[in-house]
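Excluded from the calculations below are hydrogen atoms, water molecules and symmetry mates; all remaining heavy atoms, backbone and side chain alike, are included.
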Amino acid sequence: ATNTGLSGAILTAAAPSIEDGVLLAGNSGTVMFVSRFASNGVPVWTKTFESQGSAQLTAFTTTTNGYSVGAGYFQGELTLGKVTLTTGGTACFVFQMDPFGALSNVRSYGTAPALVGYSTPSALAAESTREYLLAGYYDERVSFGPGALITRGLSDGFLARLRTPP
């Protein structure tokens, strides 16, 4: 059976909750959400992630083995599950979820806590069940492994191949 997903964010002013499958807005800040649907359109689960700063979930995909991968950007501090990410500018984050919505493999890429600049993902594709392609743009510098990409002017684009864990 084919599964589909939906992701997004809501700017909020009260505590979030889910009632009868409907996401209700949360605290001052951003609430990002990921929902999974069965091939017949029936909701399977919805997960929410809150940020007191600026954060957006900008890309989402599912794999053939039922896993989900999400990517986005954040400023300052972002907590996904038990992992807290920190940046001095705007950094991108990537996470994986199993078919039941359990969060794993949370990573950030981009600026260090003391640096400025930004990295923003705009597209994500599952190349296989263990490899993902992440595309976006950055300013100053971004690193997805050994070595860093450094801009030569305003902003530049990136295309990175990430392996599980992302």
Side-chain angles (χ1 to χ4, degrees), residues 3-18 21-37 43-63 65-127 129-138 141-145 158 160-166:
N3 289 294
T4 59
L6 173 69
S7 65
I10 301 171
L11 299 176
T12 63
S17 64
I18 299 175
V22 176
L23 174 64
L24 304 176
N27 320 341
S28 179
T30 304
V31 175
M32 295 175 288
F33 66 90
V34 176
S35 296
R36 183 153 195 130
F37 298 89
V44 177
W45 48 256
T46 295
K47 304 293 181 181
T48 61
F49 310 103
E50 289 187 66
S51 168
Q52 296 304 313
S54 176
Q56 293 289 322
L57 188 59
T58 57
F60 182 77
T61 190
T62 57
T63 66
N65 64 349
Y67 281 74
S68 302
V69 182
Y73 64 88
F74 71 102
Q75 293 177 331
E77 191 173 283
L78 172 66
T79 301
L80 296 171
K82 296 179 181 179
V83 177
T84 299
L85 307 172
T86 305
T87 185
T90 300
C92 58
F93 64 89
V94 178
F95 64 85
Q96 182 179 26
M97 299 177 93
D98 71 16
F100 306 102
L103 189 65
S104 65
N105 300 325
V106 176
R107 300 282 188 271
S108 68
Y109 303 98
T111 60
L115 299 176
V116 295
Y118 61 84
S119 56
T120 305
S122 54
L124 178 66
E127 189 173 29
T129 58
R130 294 187 46 92
E131 294 184 336
Y132 311 96
L133 296 175
L134 180 67
Y137 55 95
Y138 70 100
R141 68 185 318 133
V142 65
S143 177
F144 297 95
F158 65 80
R161 175 179 282 162
L162 306 174
R163 300 184 197 292
T164 302

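Of the inter-residue distances, the one linking Leu103 atom CG with Met97 atom CE reads 5.5 Å to the nearest 0.5 angstrom. Between Tyr137 atom OH and Tyr73 atom OH the span is 7.0 Å, to the nearest 0.5 Å.
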List the steps and the verdict of side chain to side chain contact (heavy atoms under 4.5 Å, CB included) for Phe33 and Leu57.
CA-CA 8 Å; Phe33 66 90; Leu57 188 59; over 6 Å; no
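Here Ala102 pairs with Asp98 under the side chain to side chain contact (heavy atoms under 4.5 Å, CB included) rule; sequence neighbours left out. Evaluation of the side chain to side chain donor-acceptor pair (under 3.5 Å) rule for Thr84 yields Thr79 as partners, not counting sequence neighbours.
Nearest heavy atoms, Cys92 versus Pro121: CB-CD, 3.2 Å. Listed here is the closest heavy atom pair of Leu78 and Ala55: CD1-CB, 4.3 Å. Contact between Val94 and Ala71 at its shortest, heavy atoms only, is CG2-CB, 4.2 Å. Across every non-hydrogen atom of Gly72 and Thr58, the tightest pair is CA-OG1, 3.5 Å.
Between Leu124 and Leu133 the shortest side-chain heavy-atom distance does not fall below 4.5 Å. Side chains of Thr63 and Tyr132 form a contact here, defined as non-hydrogen atoms less than 4.5 Å apart. Taking the side chain as every heavy atom from C-beta outward, Tyr67 and Thr62 never approach each other to under 4.5 Å. With contacts defined as side-chain heavy-atom distances shorter than 4.5 Å, the pair Thr46/Val34 does not qualify. The shortest distance between side-chain heavy atoms of Val106 and Phe93 does not fall below 4.5 Å. Side-chain contact between Phe95 and Val69 is absent, with no heavy-atom pair separated by less than 4.5 Å. Contact annotation: the side chain of Phe74 approaches that of Leu85 to within less than 4.5 Å [non-hydrogen atoms, C-beta and beyond].
Applying side-chain contact (heavy atoms from CB on, under 4.5 Å) to Arg36 and the options Pro43, Ser68, Pro99 leaves one that passes, Ser68.
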